[in-house]
Amino acid sequence: MRIVFLGAPGSGKGTQSSRLREHYQIPLIATGDILRAEIATGTPLGIKAKGYVNEGQLVPDDVILEMIEKRMAGKDAERGFILDGFPRSLPQAEGLQRIIDGLGKRLDAVLKLDVSKKVLLERMTSRRVCGSCGAVYNLSSSLAPSTAGRCDRCGAALVLRADDTDETVKKRLLVYEAATAPLIDYYDAQGLLVIIHGENSVEEVNEEIIRALESRAAGKKK
Ligand code: AMP
């Protein structure tokens, strides 16, 4: 299975893509997570990316495409992968197409999580992440931690992501509208787009996604 997750920041891509990873046992490639890890360890890529990420701007396409090409060449990605947060611009989508063609593969589906702007803003500013293991929580939903301010998994303190401040969140939504939203038409024209209503509970959204993927796979076998 080779899946792309599209959707505005805060639409639930991270939460749903990690569920799908468990379900299909294929690697999850989340460009935002890779960049944050590179920034935290101060690698040359991290140093290049830091300013863009903290400002809510896109890291240049060539930097991202090089990073993705390396990651997709990994042995574990042979059976399939889930892309979260990539592609985020038309040049990235075209770059992805070249990489996939080069591997002799095809995408199975592009999932677009539909969430209203009001809900996106609420979700992002109430998101907290574990400063140690990276687990993600949301203070205003069923994804709240069981002890306030502490990670359920490792007990470390929860923090606001550097780019989840009110001002940066608004910038990220504008960047999404300008650079990423055009990909909806791009993938629709290829017959790959699947729209999922993203405001239901985490479980319901997860079930809808799996139903949609299974019915596409069954349709292909016929
Ligand atoms: P995310 O965790 O997906 O919300 O990404 C956080 C930030 O990382 C974004 O606001 C961008 O600055 C950067 N980023 C992540 N993925 C990409 C990408 N595909 N292209 C450019 N920048 C990216």
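Ligands are counted one by one from 1 in listed order, and the atoms in each one are counted from 1 as well. Starting from 1, each residue takes its place in the sequence as its number. This one's a predicted model, so the numbers in the text were calculated from it and none came from an experiment.
- Residues R172 and D164 are paired through a salt bridge, judged by an N-O separation under 4.0 Å between the basic side chain and the carboxylate.
- L96 places a side-chain heavy atom less than 4.5 Å from the side chain of M72.
- The side-chain hydrogen bond (donor to acceptor under 3.5 Å, both in side chains) contacts involving residues 65-89 comprise S17-D84, D61-S89, R71-D76, K75-E78, where partners must be two or more places apart or lie in separate chains.
- Using a 4.0 Å cut-off between charged side-chain N and carboxylate O, R98 and D101 make no salt bridge.
- Contacts of ligand 1 (protein heavy-atom distance under 4.0 Å) are T31, G32, L35, R36, Y52, V53, Q57, L58, V59, I64, G85, F86, R88, Q92, R161, D163, R172.
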Next item on the list: Using the side chain to side chain contact (heavy atoms under 4.5 Å, CB included) rule, take L183 and L90 through it: C-alpha gap first, then chi angles, then the decisive distance, then the call.
Entry: CA-CA 6 Å; L183 298 186; L90 214 45; 3.5 Å; yes

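- With respect to E199 and R123, no salt bridge is recorded, no charged nitrogen being found less than 4.0 Å from a carboxylate O.
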